[in-house]
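All residue numbers in this chain count up from 1 along the given sequence.
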Amino acid sequence: MAAMAAVTLALVGFFGFVIMRVTTPQMTTLFTDLSYEDSSGIIKELDRQAIPYELKNDGAVIMVPKDRVTKLRMKLAEGGMPKGGGVGYEIFDKSDALGSTSFVQNINHLRALEGELARTIKAIDRIQAARVHLVLPERPLFSRETPEPSASIVLRVRGQLEPAQVRAIRHIVASAVNGMKAQRVSIVDETGQLLANGGADADSVDGANGDERRASYEKRMRDQVERIVSSVVGAGRARVQLSADFDYNKVTQTSDKFDPEGRVLRSSQTREESSATANANDGQVTVNNELPGNQPSANGAPSAKDQSKKSEEINNYEISRITKTEVTEAGRVNRLSVAVLVDGTYNKNEKGEVVYAARPKEELDRIGALVRSAIGFDQKRGDQVEIVNLKFADEPSVIPVAESKGLFGMFQFTKDDIMYFIELGVMSLLGLIVLFMVVRPLVKRVLAADPAAAKPAALPVPVEAAAPAVTQLTHNATSQMIDVAQVQGQVHAQSVHRVGELAERNPTETASIIRQWLAEPA
């Protein structure tokens, strides 16, 4: 009975656990990467609303029932949670502007600006936490120059940041602070690695030096070539190496060009003069000319005169002039060298073995044409492109086949849904195992023991009254009372124990009974 009670309690507890586990709401993530301040505020709000929750990763992750995630996020966002760590512009919401000095206001403004920038930077992918330190110097009195502001940022990242992400962070900070340049922003990760140098030259583009620009350009071009080649030969079956020769000299050239054929009339001035002079005698003071009644010459011809005419023309022309100033920035590409290694094809022969086959030359030529178009191939500057087909050391284990869409393609199950179905399946399997391996044998044993429980009562009387009666038992009565099959299969433990006590107290009668058993024919 005790064993049955223990088994019953175990079954009740097991099925109770299964029912509670199945009926428990599915938990999903509400927020991740929370600070202790944000976690405490969110937990306080969840306790106030009596919403169950779970904490993971030392309180940095909070999980709530899946069906209430959206409403909780909107409700918490209404209250300004999570704040994202640090202090933002909400520092001015409850401050007393009348009782604070200008120094306190400036400090609060600096703290708010640093906190807002840290929150914005944390929104970028792969960034877990950020600390921003701003230096906003004031212009000294009687100074013509204003010191430039600067910033330093410490990041805790997951993995490694791309150069484009680092430049984006620098431009975000430089654009948010008045008068700050991107070259004045330094960025360091949690390992102490310098991601961006705040002391870079002002002439460098985006604060990146020559090696960084060359590495970024090579990576971008290599990714483009590898992406277009992999779309032809298959993913992972192409290796691309690209080397770029950069010229980091900055050249400024100014030239003046005069075109004598392209003259233009600017101004024109024409001047003409004419004069007439009388004869030499005319106008002379003589006695004859001054006498009264003086008569002109007898022939009456007019006096001879000298006439002169002068013409002058002045034309001013402008000669065509071209002034050309060329500024060649540093970082010009002088030459590109591209090496592309492609793998062959793998097919199965009649025996089912994977056999390697080289790619034809026509296919390699087409791949080379694609690569030259992708990199902007220029033969004049000496670009080189090499396409080589060789067998890779790591052969594909499985020949790629077209993926077939089954039931999982029709129903878009999420990872949480699949894990929930697996959990239900495991619980159901355990329930069936317990039902067939524990409950069923126990029930069969109880049902089989019920009809046999009455037969031991037909055995002889108790042990105290059995001693004088054993000698009077006949052969037929003995054979009816003691049945080997009943002893082996259906007699209870208590009856067997009583028979043993009877044999110990009456050894003579027991021996005679055994002799009778031996004397009986088989």
Is there a donor-acceptor contact under 3.5 Å from the side chain of [X] to the main chain of [Y]?
X      : Y      : value
Arg73  : Leu30  : yes
Asp383 : Phe377 : no
Asp189 : Leu155 : no
Asn106 : Ser102 : yes
Arg170 : Val185 : yes
Arg126 : Gly159 : no
Arg139 : Thr146 : no
Arg156 : Arg131 : no

Under a 4.5 Å cut-off applied to non-hydrogen side-chain atoms, are [X] and [Y] in contact?
X      : Y      : result
Ile172 : Ile124 : yes
Tyr53  : Ile42  : no
Val157 : Gln128 : no
Val333 : Asp378 : no
Ile121 : Val173 : yes
Glu45  : Leu76  : yes
Lys66  : Arg68  : no
Leu341 : Asn389 : no

Which heavy atom of [X] sits nearest a heavy atom of [Y], and at what distance?
X      : Y      : result
Ile387 : Gly368 : CG1-CA, 3.7 Å
Leu336 : Ala244 : CD2-CB, 3.5 Å
Val225 : Ala374 : CG2-CB, 4.5 Å
Arg266 : Glu318 : NH1-OE2, 2.8 Å
Glu145 : Pro140 : O-CD, 4.5 Å
Val327 : Lys250 : CG1-CE, 4.0 Å

Carboxylate-amine/guanidinium contact [X] [Y], below 4.0 Å:
X      : Y      : result
Lys181 : Glu148 : yes
Glu363 : Lys361 : no
Arg111 : Glu114 : no
Arg214 : Glu218 : yes

Indicate whether the side chain of Tyr356 and that of Asn347 have a donor and an acceptor atom separated by less than 3.5 Å.
no
Would you say the side-chain atoms of Arg335 and Ser337 include a donor-acceptor pair closer than 3.5 Å?
yes
To the nearest 0.5 Å, what is the distance between [atom1] on [X] and [atom2] on [Y]?
X      : Y      : atom1 : atom2 : result
Glu226 : Met221 : CD    : CE    : 13.5 Å
Arg48  : Ile43  : CZ    : CD1   : 15.0 Å
Lys219 : Gln224 : NZ    : CD    : 11.0 Å
Ser39  : Leu46  : OG    : CG    : 10.5 Å
Gln49  : Leu72  : CD    : CG    : 6.0 Å
Arg359 : Ile367 : CZ    : CD1   : 6.0 Å

Please indicate whether [X] has more than 12 foreign heavy atoms, meaning atoms of other residues, nucleotides or ligands, lying under 6.0 Å from its [atom1].
X      : atom1 : value
Phe258 : CZ    : yes
Glu386 : CD    : no
Asn178 : CG    : no
Arg158 : CZ    : yes
Glu313 : CD    : yes

Between Glu353 and Lys348, is a side-chain contact (heavy atoms from CB on, under 4.5 Å) present by the stated rule, with each step listed?
CA-CA 5 Å; Glu353 299 176 351; Lys348 288 187 177 181; over 6 Å; no
Test side-chain contact (heavy atoms from CB on, under 4.5 Å) applied to Phe31 and Met63, step by step
CA-CA 7 Å; Phe31 292 110; Met63 303 186 70; over 6 Å; no
Worked verdict on Val388 versus Leu364 for side-chain contact (heavy atoms from CB on, under 4.5 Å)
CA-CA 8 Å; Val388 180; Leu364 296 179; over 6 Å; no
Candidate pair Leu195 and Leu161, rule side-chain contact (heavy atoms from CB on, under 4.5 Å), full reasoning:
CA-CA 9 Å; Leu195 303 179; Leu161 292 179; 4.1 Å; yes
Test of understanding: with side-chain hydrogen bond (donor to acceptor under 3.5 Å, both in side chains), list the residues that count as partners of Lys351, not counting sequence neighbours.
none
